[in-house]
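Presented below is the structure to which this report refers.
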Amino acid sequence: MKSIMRSILSNSRGNLKDNVHKIISILNDFTEKRLIVQGTIFHGYLIKKGISSQKQIAVKLLIMYLKSGKPNDINQMLKEFDGFNLVVRNCLISANLEWGKLDEARQLFDEMPERNEVSWTAIISGLLRYGRVEEAIWYFERNPFPSLFSWTAAISGLVQNGSSVKAMKLFVEMLQSGVLPNNVTLTSVIRACGELSDFNLGMCVLGLIVKVGFEHDLSVSNSLITFNLRLNDTVSAMTIFNRMQSKDVVSWTAILDMYVQMGELAEARRVFDEMPERNEVSWSTMISRYSQSGDAEEAVNLFIHMVQQGFKPNKSCFASVLSALASLEASVLGKIVHGHILKLGMERDAFIGSSLVDLYCKCGGTKDGRVAFDSILEKNVVCWNSMVGGYSLNNQLEEAKELFDKIPRKDNISWNSLITGYLEYEKFDEVFEVFSDMLLSGERPSKSTFSSVLCACASLASLERGKNLHGKAIKLGFHSDIFVDTALVDMYAKSGDVESSKKIFKRMPKRNEISWTAMIQGLAENGFAEEALAVFEEFEQTKSIAPNELLMLAVLFACSHCGLVDKGLYYFNSMEKVYHIQSNDRHYTCVVDMLSRSGRLSEAEKFILDMPCEPEVQAWAALLSGCKTYRNERMAERVAEKISELAEKNPGGYVLLSNVYASAGRWLDVLHMRKLMKEKGLKKSGGYSWIEVRNQPHFFYSQDGSHNESSEIYGVLELMRSEMVLK
DNA sequence: CTAGGGTTAG
């Protein structure tokens, strides 16, 4: 700052024009880098020098303040700059557009006493930037200055909105009206061809490019690289890149993205590290790619490096890093980044807002998430979905439903977010209700819709509904989708129809570790433990997929249920050595259960005591049940002692212990336990069972009430019993 | 007025 002042001062005796140029370039720099504090100090200096109201400088100062995002001072400024209204109003319009205050911008535009080409171009491109295509076209058609600029603004705006067909139509109209494109127009048009994945159209445009003489233009070449990447022609992309006489950051970033597209993230990183020049977009690209491919930590690391090296993150970059922070549930770092965003006035942006909503909700703070949601100015469907998803995630399902009903234009993800919320918290009736609303609304269910709703069927063992959905999925062409098929395998197995489950599993063209887990677990739970292990051996021979924790748990469960203790121990011991999977408490419980069931009680006890992590209460319970079966009362006494210790910490332990005492006939201890539970305000959740008859589940509760037709049911049972006794 | 980078569910 001081050095800038000094250089101005030393020049102050020189040519005034040179000084103005210098001041303007400094102000431009402050504006671009949003250095509002430095800018204000500099403003003070200019006032002192008596040149702050020089026309060009005054406008630049105004733009700097406008871009720094202080909408409340607008009116004051307008009054001060009442000499050159048109320019100032244009600035105001673009500033309002930048803040997303579209209606204010429109009002300002409509009330302008006179308008120039810049005013028209600003309002058209601004509206397009926020997807208000209809309004933009309305203005475009009334534009009295249809210059190359405004044609280009409209075309590029349409492309950015995904309305590439409309953009191409406009381009043809432009050519017909006798206006020739420049390199800027052409880059947008090539992008449109890429969005449409239309090779022939691209070739036509290429002909035009050569004809107009832009084939060696840097921007045009860059967009041609991207066009070829869109069409998966990496060879042509690389050829263009190699033939370019001059390359810039954009070219390098495009090639970086090419390697990502080819699945070579490491190679992309190498390009990134060796690029001759990097800017905030190159950083953004690398950060977002790490975030998208699941390496959130590296994304955040890179972001920190970027800031340390003095790069100013922009909206896209913030959106990417917030998404990475959300998946890491890093609320502390998230709040720091949020602070910076607030300082820059970017929290009103839809992309950043959505990420903030997601971040806070993933960290459990739906209230903070809602604040972030409410501060977004122009909400798109993603913002709504993030908030609905956030409520769903945190079991605030009423809020989720209420907000969902307010979404102006719902998309597939809106429906799925609500459905997964209900599924997660086992509100299965609501899952089906929302699903049928979805069908009624005309929204086509997607693969993830099917996998969620099928999962609800699996949890309810609702075979009829599951079969119905299976039919619908086939009709919609999802019959060989890996997610849908896996859900079907699980649904049929959980509903007891192992044959159908096996049939679907067998004809799956592709399987992932979840598919294999569903099949192995399904077979084991239905009493086909040996077959489950055979499937696991088949899995091992594929060698293409590594098993995960859940798959190994299913395998151990199978071993435990067919008495193959040594095999189970073998698999357990090879988990870390062979498969590099850290065994968790649930795996240990499974092994304890396995040993206890086969009577190897002292081994089980030693195993439990040697565990590197805290054993689950269930592990002790499994051992205790073994003690009971094999009548080892002394060990039972020790284990019960241990369980009651754990019960202090784990409320589930009381329930378990009271059951253990009950089965041992120690009723006094049972009473004691119940009393303790009551004192601690614990309730034993009632067990129940259910069957489904014609899509209608019938519940049977272990405690009160049971079933409202229980007398009839018992009547029939009695009848059947007497029949059986007679024969 | 521009090419390269952005958010949500599974």
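Counting to the nearest Å, the C1' atom of B:dG6 and the CD atom of A:Glu280 are 13 Å from each other. In this structure, A:Ile376 places its CD1 atom 11 Å from C1' of B:dT8, rounding to the nearest Å. A:Arg191 places its CZ atom 6 Å from the P atom of B:dA3, with the value rounded to the nearest Å. One can place CG of A:Asn90 at 11 Å from P of B:dC1, the figure rounded to the nearest angstrom. Per the geometry, CG belonging to A:Leu170 stands 17 Å off P belonging to B:dC1, to the nearest Å. Per the geometry, CD1 belonging to A:Ile190 stands 8 Å off C1' belonging to B:dA3, to the nearest Å. Rounded to whole Å, atom C1' of B:dG10 lies 12 Å from atom CE of A:Met438. Going from atom CZ of A:Arg129 over to atom C1' of B:dT2 covers 13 Å, rounded to whole Å.
Phosphate contact (OP1/OP2 of B:dG4, side-chain N/O of A:Thr285, threshold under 4.0 Å): absent. Residue A:Thr449 places no side-chain N or O under 4.0 Å from the OP1 or OP2 atom of B:dA9. A:Lys362 has a side-chain polar atom (N or O) that falls below the 4.0 Å cut-off from OP1 or OP2 of B:dA9. Within the structure, a side-chain polar atom (N or O) of A:Arg289 is placed less than 4.0 Å from OP1 or OP2 of B:dG6. Of the side-chain N and O atoms in A:Gln292, one or more sit less than 4.0 angstrom from OP1 or OP2 of B:dT7.
Residues A:Thr366 and A:Asn394 have side chains that never bring a donor and an acceptor to within less than 3.5 angstrom of each other.
Candidate nucleotides B:dT2, B:dC1, B:dT7 were compared by shortest atom distance to the side chain of A:Gln160, and B:dT2 ranks first. The nucleotide whose nearest atom lies closest to any side-chain atom of A:Asn222 is, among B:dT7, B:dA3, B:dC1, B:dA3. Closest to the side chain of A:Ser125, out of B:dT8, B:dG6, B:dC1, is B:dC1. Checking B:dG10, B:dT8, B:dT2 against the side-chain heavy atoms of A:Ser448 singles out B:dG10 as nearest. In this structure, the nucleotide among B:dG4, B:dG6, B:dC1 sitting nearest to the side chain of A:Asp257 is B:dG4.
For A:Arg409, there are no side chain to side chain contact (heavy atoms under 4.5 Å, CB included) partners at least two apart in sequence or on another chain. Take A:Val220 and apply the side chain to side chain contact (heavy atoms under 4.5 Å, CB included) test, not counting sequence neighbours, and it matches A:Asn183, A:Leu186, A:Thr187, A:Ile190, A:Ile209, A:Phe214, A:Asp217, A:Leu224. Contacts of A:Ile341 classified as side chain to side chain contact (heavy atoms under 4.5 Å, CB included), with partners at least two apart in sequence or in another chain: A:Phe318, A:Leu322, A:Val337, A:Met346, A:Glu347, A:Ile352. A:Val307 pairs by the side chain to side chain contact (heavy atoms under 4.5 Å, CB included) definition with A:Phe303, A:Pro313, not counting sequence neighbours. Legend: residues meeting salt bridge (charged side-chain N to carboxylate O under 4.0 Å, His left out) with A:Asp295, ordered by chain and number and at least two apart, are absent. With sequence neighbours left out, the ring pair (Phe, Tyr, Trp, His ring centres under 6.0 Å) criterion links A:Phe109 to A:Trp120, A:Tyr139.
Closest non-hydrogen pair, A:Ser221 versus A:Glu215, comes out as OG-O, 3.6 Å.
Among the protein residues, A:Phe483 comes within range of no part of the nucleic acid, since none of its heavy atoms lies under 4.0 Å from any strand. Across all strands, A:Ser451 comes closer than 4.0 Å to no nucleic acid atom at all (heavy-atom distances). Among the protein residues, A:Ser354 comes within range of the nucleic acid bases, having at least one heavy atom under 4.0 Å from a base atom. In this structure, A:Ser316 reaches the bases: a heavy-atom distance under 4.0 Å links it to at least one base atom across the strands shown. Among the heavy atoms of the strands lying under 4.0 Å from A:Asn279 is at least one base atom, whether or not backbone atoms are also near. As judged by a 4.0 angstrom heavy-atom cut-off over every strand, A:Asp349 is placed among the base-contacting residues. Contacts of A:Ala154 with the nucleic acid, taken as non-hydrogen atoms under 4.0 Å apart, are absent.
For the pairing with A:Ser354, the side chain to side chain contact (heavy atoms under 4.5 Å, CB included) check across A:Val381, A:Asn385, A:Leu359, A:Val382 returns one residue only, A:Val382.
Contacts with DNA chain B (heavy atom under 4.0 Å) in residues 244-256 of chain A: A:Asp248, A:Val249, A:Val250, listed by number. Of the residues in residues 413-421 of chain A, those placing a heavy atom less than 4.0 Å from an atom of DNA chain B are A:Ile413, A:Asn416, A:Ser417, A:Thr420, in numerical order. Within residues 223-230 of chain A, the residues that have a heavy atom under 4.0 Å from DNA chain B are, in order of number, A:Thr226.
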Output side-chain donor-acceptor pairs under 3.5 Å for residues 262-277 of chain A, partner residues at least two apart or in another chain, one line each.
{"unit_1": "A:Glu267", "atom_1": "OE1", "unit_2": "A:Arg270", "atom_2": "NE", "d": "3.4"}
{"unit_1": "A:Glu267", "atom_1": "OE2", "unit_2": "A:Arg270", "atom_2": "NE", "d": "3.1"}
{"unit_1": "A:Glu267", "atom_1": "OE2", "unit_2": "A:Arg270", "atom_2": "NH2", "d": "2.8"}
{"unit_1": "A:Arg269", "atom_1": "NE", "unit_2": "A:Asp273", "atom_2": "OD1", "d": "3.3"}
{"unit_1": "A:Arg269", "atom_1": "NE", "unit_2": "A:Asp273", "atom_2": "OD2", "d": "3.4"}
{"unit_1": "A:Arg269", "atom_1": "NH1", "unit_2": "A:Tyr290", "atom_2": "OH", "d": "3.1"}
{"unit_1": "A:Arg269", "atom_1": "NH1", "unit_2": "A:Glu298", "atom_2": "OE2", "d": "3.0"}
{"unit_1": "A:Arg270", "atom_1": "NH1", "unit_2": "A:Glu274", "atom_2": "OE1", "d": "2.8"}

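Atom NZ of A:Lys447 sits in a sparse spot, with 12 or fewer heavy atoms from other residues, nucleotides or ligands closer than 6.0 Å.
For residues 417-428 of chain A, no residue pair satisfies the side-chain hydrogen bond (donor to acceptor under 3.5 Å, both in side chains) rule, not counting sequence neighbours. Pairs engaging residues 220-230 of chain A under the salt bridge (Lys or Arg N to Asp or Glu O under 4.0 Å) rule: A:Glu195-A:Arg230 [sequence neighbours left out].
Taking the six-membered ring for Trp, A:Trp151 and A:Phe140 have ring centres closer than 6.0 Å.
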